[in-house]
Amino acid sequence: MKTKRNWRSKLLLAASLFLATSTSGARAQELTDDQLGAVKNRLAEGATHSWEIGTRTEALIEDDTSSYSVLSNNGLPPSQQAPSSLDEVISIAREVVQNRTKADVKGLQPLMDANGGAAGDPPSIGVAVLLANWTGAGAQDGQDYAGAASSQLEYLLEKVPKSSDGAISHRTEQLQLWSDFVYMVPPFLAYYGVLTQNQSLVQQAYDQCRLYRQYLVDDDAGGMWKHIVMGDNTDSGHWSTGNGWAAAGMLRVLGTIQHSQYSSNMKEQAKNLTNWVSEIHTGIYPHLRTNSLFGNYADDSSSFDDASSTAILASTVYRLAVLAGIHTHLPAAEQCRKALSAPSSNSTSSASSSSTATAPASSSTSAGALEHFTADMWLTPVVNPNQFGIEGEKSPEAQAFVVEMYAAWRDWTAVGSPGANAAGRVHGAGAMSLWVCVGVVLTMLFGM
Ligand SMILES: *[C@@H]1O[C@H](CO)[C@@H](O)[C@H](O)[C@H]1NC(C)=O
Ligand SMILES: *[C@@H]1O[C@H](CO)[C@@H](O)[C@H](O)[C@H]1NC(C)=O
Ligand SMILES: *[C@@H]1O[C@H](CO)[C@@H](O)[C@H](O)[C@H]1NC(C)=O
Ligand SMILES: *[C@@H]1O[C@H](CO)[C@@H](O)[C@H](O)[C@H]1NC(C)=O
Ligand SMILES: *[C@@H]1O[C@H](CO)[C@@H](O)[C@H](O)[C@H]1NC(C)=O
């Protein structure tokens, strides 16, 4: 009797485990290296605006040369001998600085778009320009990287409007605070401060995060941030990409502080940044939809599904786990990453990576096989990168977010995937494996 019972429960356990594995085998897709390569190629083709170029350089550093990423566990400043994996980033910085020199604008000026617009966007290229200087690229190509970085810095600090308490405007023409700014500017200020031994600039990076949060956080929305306050163009909605920009920017400042010479005397700043990233996660993840995507405005059920913000937010969950040991939202991030990497629901369930199924004739990347990518690997559906209220077709920033999500996931798995099973909100596809786990536990407890 007793033996029989054990037998049955062991059998059931084995069956449940088999089911769990095969379920995740069918659903828990990862992008292949070829597919990620195609994502990066589309990013390279599509990135033309300053923030897209800057975000591309950040994504490439994280993915190709993690030893230079402020988000990975490396002491700062980095080596002055650039590995060849950094070449693409340096060459982007070179093109930007060459064009700036050609434009021959006098006086302090941003790295791009000297004729106005977003004050906050061009500094996103600043880290790449600082790295070009730091690794001695100027000695070979004659470009003045330090001069370009310094002009950009002083332009921001001296020429751009500020609030009375010191928040630097995202726009040149009038004071406007956009959540986007937090990704573009504070990481540049912090990196500048670390490379030039200027702690007050690192503090300035932190203060910009602190001030932006003070103006944009919405306690009535559980800690999500509004998109734009002050000026003629306000948007008090909880734009999901904006929440992602803010969390990802604060994480960069956090990583820069933690890995720098100032880590021990800026512990309180690091702690606050950690809390503010968590606060965004706590506010926004309850709004994840059952299909594991965020709406373009997270708490507006009428807004369209947006894979772009879903990707950048997932990247910030993996990063927060590695930098600060916070695991609360990992199951949700895993669910999002898997959903974004899932095979097309049209293709028959057995048609996995290799196959022919319904593949249109175009590209080499098992075309048409993925639910959230076009045949040539543009992420979809995505918000229009130039008009935040409407759906778009091709989004360079979304391509960068996919690269950042995978780089972050890889760094997280490299340290043993801590918190993969943390208790968290589980929806949709993830619920399936949850029920399988419940089944296993019940089987173990009660046999049958
Ligand atoms: C640099 O200028 C060239 C020629 O105007 C232009 O095609 C290219 O897109 C510019 N590159 C950047 C990074 O702005
Ligand atoms: C440029 O790099 C040199 C080291 O080669 C460093 O001393 C200097 O502070 C850097 N300048 C900036 C603006 O980062
Ligand atoms: C730090 O940077 C700021 C802004 O460029 C500058 O005004 C200040 O003199 C610098 N401090 C040091 C110690 O170099
Ligand atoms: C950290 O946040 C707390 C709570 O908001 C605040 O009182 C404190 O001044 C902050 N610390 C720093 C260094 O800004
Ligand atoms: C999936 O089916 C829909 C509706 O029939 C169609 O519009 C779409 O193009 C299909 N997608 C793929 C990848 O085959």
Side-chain angles (χ1 to χ4, degrees), residues 43-57 76-82 88-105 109-115 117 121-140 143-157 165-166 186 188-214 217 219 223 250 253-254 256-257 260-262 265-279 396:
L43 168 59
E45 291 159 15
T48 54
H49 299 101
S50 59
W51 79 89
E52 294 166 344
I53 293 171
T55 305
R56 178 176 170 225
T57 61
L76 291 173
S79 159
Q80 292 187 274
Q81 311 297 317
E88 201 170 354
V89 170
I90 303 290
S91 79
I92 296 166
R94 178 176 305 122
E95 193 181 318
V96 168
V97 172
Q98 272 170 349
N99 281 8
R100 176 185 173 281
T101 309
K102 271 190 243 153
D104 197 30
V105 181
Q109 56 174 303
L111 287 166
M112 274 181 76
D113 305 335
N115 297 321
D121 288 336
S124 63
I125 313 167
V127 168
V129 172
L130 288 168
L131 273 176
N133 167 63
W134 185 252
T135 58
Q140 278 142 48
Q143 296 299 319
D144 180 11
Y145 294 102
S150 152
S151 184
Q152 168 67 84
L153 174 72
E154 301 304 332
Y155 177 82
L156 262 178
L157 299 179
D165 52 3
F188 167 61
L189 299 176
Y191 207 63
Y192 203 116
V194 166
L195 292 190
T196 62
Q197 312 281 345
N198 185 332
Q199 190 182 343
S200 71
L201 280 178
V202 185
Q203 179 64 34
Q204 176 74 265
Y206 166 78
D207 285 335
Q208 291 301 321
C209 295
R210 179 176 58 78
L211 291 164
Y212 264 73
R213 172 184 170 275
Q214 173 191 302
V217 73
D219 291 329
M250 289 192 289
V253 175
L254 171 65
T256 308
I257 291 174
S260 79
Q261 65 273 45
Y262 306 117
N265 46 8
M266 295 187 77
K267 281 205 161 76
E268 192 181 336
Q269 290 87 338
K271 182 164 168 275
N272 281 1
L273 289 166
T274 302
N275 290 341
W276 299 336
V277 174
S278 275
E279 176 180 60

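Remember, it's 1-based here, ligands and their atoms both numbered in the order they're listed. Heavy-atom basis, side chains included; hydrogens, waters and symmetry copies ignored. This structure is a prediction, so every number in the text was calculated from the model and none was measured.
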Check each atom of ligand 1 against the heavy atoms of Val96 and keep those under 4.0 Å away; list them by number with element. 13 (C)

With heavy atoms and a 4.0 Å threshold, my read on which part of Ile53 contacts ligand 1 is side chain

Ligand-protein N/O pairs under 3.5 Å (ligand 4):
residue: ligand 4; atom: 2 (O); partner: Asn272; partner atom: OD1; Å: 3.1
residue: ligand 4; atom: 2 (O); partner: Asn272; partner atom: ND2; Å: 2.3
residue: ligand 4; atom: 11 (N); partner: Glu268; partner atom: OE2; Å: 2.8
residue: ligand 4; atom: 11 (N); partner: Asn272; partner atom: ND2; Å: 3.0
residue: ligand 4; atom: 14 (O); partner: Tyr206; partner atom: OH; Å: 2.6

Given 3.5 Å as the limit, does a donor-acceptor pair link the side chain of Ser260 with the main chain of Ile257, or not? yes

Can you tell me if Thr196 uses its side chain to pair, donor with acceptor, with the backbone of Tyr192 under 3.5 Å? yes

Applying salt bridge (charged side-chain N to carboxylate O under 4.0 Å, His left out) to Glu45 and not counting sequence neighbours gives Arg42

Residues passing the salt bridge (charged side-chain N to carboxylate O under 4.0 Å, His left out) test with Asp207, sequence neighbours excluded, are Arg210

For Glu88, is there an ion pair with Arg56 - N to carboxylate O distance below 4.0 angstrom? yes

Can you name the closest pair of heavy atoms from Val89 and Ala128 and give their distance? CG1-CB, 3.8 Å

Side chain, backbone, both or neither: which part of Tyr145 comes within less than 4.0 Å of ligand 2 when only heavy atoms are counted? neither

[X] neighbourhood, listing ligand 2 atoms whose heavy-atom distance to it stays under 4.0 Å:
X	answer
Asn133	1 (C), 2 (O), 3 (C), 8 (C), 10 (C), 11 (N), 12 (C), 14 (O)
Gln80	4 (C), 5 (O)
Leu130	14 (O)
Tyr192	13 (C)

Are Leu201 and Tyr191 packed together at the side-chain level, in the sense that at least one heavy-atom pair is separated by less than 4.5 angstrom? no

Could you check whether any side-chain heavy atom of Val202 comes within less than 4.5 Å of a side-chain heavy atom of Thr256, counting everything from C-beta outward? no

Mind checking side chain to side chain donor-acceptor pair (under 3.5 Å) for Tyr212 and listing every partner two or more places apart, or none if nothing turns up? none

Measure the spacing between SG of Cys209 and CH2 of Trp276 and express it to the nearest 0.5 Å. 7.5 Å

Counting both backbone and side chain atoms, is some N or O of Lys102 under 3.5 Å from an N or O of ligand 1? no

